[in-house]
Amino acid sequence: MVKHIIEDAKRCLQCENPRCEAGCPVHTPIREFIHLLLDGQIADAGRLLFDNNPLSLACSHICPQENQCEGHCVLGQKGSPVQVSAIEKYISDYFLNIYQPIPSTKENGKAAIIGSGPAGLTVATILARLNYDVTLFEGHDRIGGVLRYGIPEFRLPKSILHRMKEVLLKSGIRIRPNTAIGMNLNVDDLFRDGYQAVLISTGVWRPARLNIVGESLGHVHYAIEYLRNPDVYRLGKRLAVIGVGNVAMDVARTAFRHGCEEVTVIGNKEEGDVSARDIEIEFAKIDGVDFLFKKSTMAFVDEGVMLADSLISVDEQGRKIAEPIPGTEELFEADSIIIAVGQGPRAVIVSSTKGIDVTERGLVRTDETGHTTREGVFAVGDVVTGAKTVVDAVEFAKHVAHAMDDYMRGKRA
């Protein structure tokens, strides 16, 4: 492993204008951390990565590198790119073991972070670094948000989150688990108790519905709920997964690891139009997942799911539209079905707080700095943008953290 890391690091050309860094949403200093590693300064390389992206280790596991850093490497034009993710993973793993953060002095004011997913963790880390008194409110019993409850263990080891929690605590951040703001406590209570700024970073945890007959049957489930705790489900031997995105691949691969013997992923468009990463589809096929394309889901029944052939057309905006062909309906037998067609935000916080506007999709409306329509309340991550990658959430969160700092410094002036 170490030999592979060093050999690949030596392949880096140290480009004057590194395209790999431009391809990374958080502009990871790839050229610099590789140089430091080869120069025997792995701790400095780790600090460089952590200071730029507190979730560097998690991102090295789950980022779509083929479209970002590695996809932009000049060596990839005629051969294989430098395996940036493997090098970053090695350095970040080492650094997280030795890192001893300087605790916040808490002298600059109090900030509340609602939600401990990727965006919330990033903002909390930066504000603690800027000497704020930060409290992280998490509705579940453990931190991580989608990192813990939406990404399977085989893609992101949960031990990483345990180590990150220790870093947060050593930084002086208070963590309040099992506290869903909008239930017993609301945003008004936070301002009453001296918090100068509040961040909403609660993600998107409301499953998207198909709104078809049979959706309430006992063997029909939603992907985001299943991934939260697959151990409690008894799906039987044969599973149908509706949807062809990355979440559907996670569901299908997880189901095999929890007792299913046949798993079929069903989509209503052509194979070339799926939203899942190519590598995730390849891994799913290796695990044994079957695929059915150009099939529209018509209804759920006790015996499985009724499917119809799909007719693909193109609308005026150039988007491909799939419509069921009448008379082609047939039963696909399955013991259980999991719907994986997206998710949206829950309205618990905004419904309990005046002055926070949402978009027509139910997402929190903000300006470019993350400030909502209520003074002192910011929002970041999927609850603002809809479901995106972890590294995209980190990139936006870095800007919002500094906007919150500017706001609170203005309050002190």
(request) Apply side-chain hydrogen bond (donor to acceptor under 3.5 Å, both in side chains) to His162 and list each qualifying residue two or more places apart in sequence or on a separate chain. (result) none

(request) Provide the full list of side chain to side chain donor-acceptor pair (under 3.5 Å) pairs with a residue in residues 19-39, sequence neighbours left out, each pair given once. (result) Asp39-Gln41

(request) Apply ring pair (Phe, Tyr, Trp, His ring centres under 6.0 Å) to Tyr226 and list each qualifying residue two or more places apart in sequence or on a separate chain. (result) Tyr233

(request) May I ask you to check if Lys295 and Phe332 form a cation-pi contact, with NZ or CZ under 6.0 angstrom from the six-membered ring centre and within 45° of the axis? (result) no

(message) Tell me every residue that passes ring pair (Phe, Tyr, Trp, His ring centres under 6.0 Å) with Tyr149, counting only those two or more places apart in sequence or in another chain.
(response) His140

(message) Tell me if a side-chain donor or acceptor on Asp287 pairs with a main-chain N or O of Val289 at a distance below 3.5 Å.
(response) no

(message) Applying side chain to side chain donor-acceptor pair (under 3.5 Å) as the test, list every pair that has at least one member in residues 377-390; sequence neighbours left out.
(response) Thr389-Asp392

Which donor-acceptor pairs under 3.5 Å do the side chains of residues 195-205 make with protein atoms, sequence neighbours left out?
residue: Tyr195; atom: OH; partner: Thr135; partner atom: OG1; Å: 3.3
residue: Gln196; atom: OE1; partner: Lys110; partner atom: N; Å: 3.3
residue: Ser201; atom: OG; partner: Ile114; partner atom: O; Å: 2.9
residue: Ser201; atom: OG; partner: Gly115; partner atom: O; Å: 3.0
residue: Trp205; atom: NE1; partner: Thr202; partner atom: O; Å: 3.1

(message) Tell me every residue that passes side-chain contact (heavy atoms from CB on, under 4.5 Å) with Glu70, counting only those two or more places apart in sequence or in another chain.
(response) Gln65, Pro81, Gln83, Val84, Ser85

(request) Kindly write out the residues that satisfy side-chain contact (heavy atoms from CB on, under 4.5 Å) with Phe154, not counting sequence neighbours, or none if the list is empty. (result) Pro152, Arg253, Thr254, Arg257

(message) Among residues at least two apart in sequence or on other chains, which ones pass ring pair (Phe, Tyr, Trp, His ring centres under 6.0 Å) with Tyr222?
(response) none

(message) According to side-chain hydrogen bond (donor to acceptor under 3.5 Å, both in side chains), who are the partners of Glu282, at least two apart in sequence or on a separate chain?
(response) none

(request) Could I get the full list of side-chain contact (heavy atoms from CB on, under 4.5 Å) partners for Glu375, not counting sequence neighbours? (result) Tyr407, Lys411

(request) Sequence neighbours left out, what passes side-chain hydrogen bond (donor to acceptor under 3.5 Å, both in side chains) with Arg176? Give chain and number order. (result) Thr179

